[in-house]
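To start, the structure under review is shown below, and the notes come after it.
Sequence lines set the chain letters: A, B, ... in the order given, protein chains first and strands last, and positions in each chain run from 1. In this text the structure is predicted, and so the values were computed from the model without any measurement.
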There are 2 protein chains.
Amino acid sequence: MTVRNDAEPTQQRRMSAVPTIHDVAAHAGVSPMTVSRVLAGGTSVRPAKMERVLAAVAELGYRKNENARSLRPGQRTGLIGVIITNVSNPYYAELQLGVEEVLSAENIRLLVGNSGEDPARERQLVADFIGRHVDGLIVVPTGGDTSHLSERSLGSIPLVLASRELEGIEADTVVIDDVKGAFEGTSQLISEGHTRIAYLGNMVSVFTSKRRYDGFEKAHKDAGIEVVPELVRAGQRDPATAQDAMEELLQLPDPPTAVFSANNRNTIGVLRALRSNALSFAQPGETAPRSDIRVVGFDNFELSDMMPFLLNVIEHDARELGRQAGKLLVRRLRENNNDAPRKVQLPTHLRI
Amino acid sequence: MTVRNDAEPTQQRRMSAVPTIHDVAAHAGVSPMTVSRVLAGGTSVRPAKMERVLAAVAELGYRKNENARSLRPGQRTGLIGVIITNVSNPYYAELQLGVEEVLSAENIRLLVGNSGEDPARERQLVADFIGRHVDGLIVVPTGGDTSHLSERSLGSIPLVLASRELEGIEADTVVIDDVKGAFEGTSQLISEGHTRIAYLGNMVSVFTSKRRYDGFEKAHKDAGIEVVPELVRAGQRDPATAQDAMEELLQLPDPPTAVFSANNRNTIGVLRALRSNALSFAQPGETAPRSDIRVVGFDNFELSDMMPFLLNVIEHDARELGRQAGKLLVRRLRENNNDAPRKVQLPTHLRI
DNA sequence: GCAGATTGTGGTAACGTTACCAACACGGCT
DNA sequence: AGCCGTGTTGGTAACGTTACCACAATCTGC
């Protein structure tokens, strides 16, 4: 039965603070090492002592201090950093949920940060997460300067890029098949006879936007028609600016007959513009607004099926994207290997 | 000019791993203490050395190891745990964003976990976060057993409850004025002449659900009418089950003429049920479904204004709720005081 | 009943950091 | 010249944990 020489302060601390392995050891009358062994799996510990230790753990409500544990060489923190551009976009909230689903099964916790599409903020978050010694990073990159995500900067911390690739960065990546999705959506419009199709999307500097525009363009090319330059509006990041852009398009002398919208923020803006346009021309007594403008939008979103206009969405599974990103990271962590980066591309589906 | 006796392994580590304060010290030709002082604010350090240290920090890309730092007594981790019930509900995603907005300004990072309304999972997350020595907790509690959130269990870790209170737990709390909101929404329906008003919501064991039901009931009482028991459906947690419940109500011999829905998940289910009902009775050629059933729903949600039926929502600001929760926690951390728990109640607004 | 193998246990050190104390240099003062 | 304060610097220890080693306790086989 050992007695700590500094039993007094420990006694005091126990009142308010988290118990340490020393407290458990003293309580069970063993050394801290024995406690550590019991918690590590209980090999080479006499059953009687093991029981005493477990009782002490339960009684004190002891939990390993993960921060102290991870300080020892070769130990992991059990933390990963997740940087998304904006959780308030339900698409990224789903992504976060998918990541958590996979990683919490591995008993890994998430440090979450929103970059808000700001490269400086992303860089700051990465630096902070490295300082906290995360075991890995899952990032939806904003693009621009990527040096903070380079192998030189991250050292041995595995990185998974989600939703967007980055030129010059070799890392596991999960993306969706933007080009094909946009191609199919646009082709649908063309097959219905439309030739003046508007495009609304984010800045082309964003990976997915560029790819979706490429698919939009390819569909035109394959059909032997040309994209109409004055109907292309890129740079809208939220429904409000998208609505403005769409209202502008509707004012044109020769407005588009169909719209391809490259993400859910833009689609919602388009629908709002169409409704305000339809209402301003509505007959008295007519309650349901109508519009003859066909809309196809990338990304599904909640209630897309309840919209008052005909709308087709190119749907894909954001939660699955998060799950896949999580799985790629877990695989890196488990195998600890230097395999070539893996690329996963998830399918899209045009919902009619 | 000191030279580390173990320069060899450090040299090797620097290739792949994160540099330590010793590496910086060696690089700048000073002791680790001087580096620490420079980074702590640079008091009592000769400008020349300070410059050398800062240069070394920049060159090596050194970042404090926050885990090691927080191990010292009296030091904080700069981490707080955020437990929400489900990020895929945009309401809670907004809440998370509001929390982050306030805490990232304080240079505090978020450990985020989803409880999925499962008390056991919540308990597990709390235990884990305590093990990581978070400086504080912001929790949307699921209810049920609350012992893991008791002062005895948390010790000195400050807790802020968001969106829901807990009986028997004394903690800073931010809620919205559920009772008043539900009262106003229901009163609106009653003032329009409705007397057979359905109620759809989550289980009454959930704090907000109970309060919203209370407001619903109070509006009836004040108007001198009675709640119709067979029109009350509680326990739907997602749109699908809410839709089922609403379809059931529509099948009743004497169906409701109005619906009060206690949260956005239920409102969406109600609208889906109304639409499928309207479509099944639609005349050939009629494209816009109609419904005579009046709906008022708690929580605003994106596109609520674009629904094909008349709908009033009781809106409130989830991001502001998150911000307030963050501010309450920051205040506790800063003042380190034992003030009585503060309660903040945010207003709702019936959108007509 | 004893040597030797085997298992169970504790001490020590180290992970990266910083509070505290001691030591040092340097200038100004008697 | 010697003393003392001020300002700057480094050594040491501790935070809570666990790998490694050494030793104690127990169990085999003769």
Report summary line: Scoring nucleotides 19-27 of chain C by protein non-hydrogen atoms under 4.0 Å (B base, S sugar-phosphate only, - none) yields BB-------
Distance below 4.0 Å between [X] side-chain N/O and [N] OP1 or OP2:
X: Lys49(A); N: dG8(C); result: no
X: Thr34(B); N: dG10(D); result: yes
X: Lys64(B); N: dG16(C); result: no

**Report entry** Selection residues 92-107 of chain A - residue pairs positive for salt bridge (charged side-chain N to carboxylate O under 4.0 Å, His left out), sequence neighbours left out
**Finding:** Glu94(A)-Arg319(A), Glu100(A)-Arg121(B), Glu101(A)-Arg323(A), Glu106(A)-Arg334(A)
Requested in this report: For the helix from dG1(C)-dC30(D) to dT30(C)-dA1(D), figure out the bend between the end axes, five pairs an end, and round to 10 degrees.
Outcome: 60°
Residues in side chain to side chain contact (heavy atoms under 4.5 Å, CB included) with [X], at least two apart?
X: His148(A); answer: Glu122(A), Arg123(A), Val126(A)
X: Glu151(B); answer: none
X: Glu170(B); answer: Pro341(B)

Report summary line: The side chain to side chain donor-acceptor pair (under 3.5 Å) partners of Asp128(A) (sequence neighbours excluded) come to Arg132(A), Arg109(B)
Distance-only check: which donor-acceptor pairs under 3.5 Å involve side-chain atoms of residues 160-167 of chain A, not counting sequence neighbours?
unit_1: Arg164(A); atom_1: NH1; unit_2: Glu117(A); atom_2: OE1; d: 3.2
unit_1: Arg164(A); atom_1: NH1; unit_2: Pro141(A); atom_2: O; d: 2.8
unit_1: Arg164(A); atom_1: NH2; unit_2: Tyr92(A); atom_2: OH; d: 3.4
unit_1: Arg164(A); atom_1: NH2; unit_2: Glu117(A); atom_2: OE2; d: 2.8

Side-chain polar contacts of residues 48-59 of chain A - donor-acceptor pairs under 3.5 angstrom, sequence neighbours left out - could you list them?
unit_1: Arg52(A); atom_1: NE; unit_2: Ala28(A); atom_2: O; d: 2.9
unit_1: Arg52(A); atom_1: NH2; unit_2: Ala28(A); atom_2: O; d: 3.2

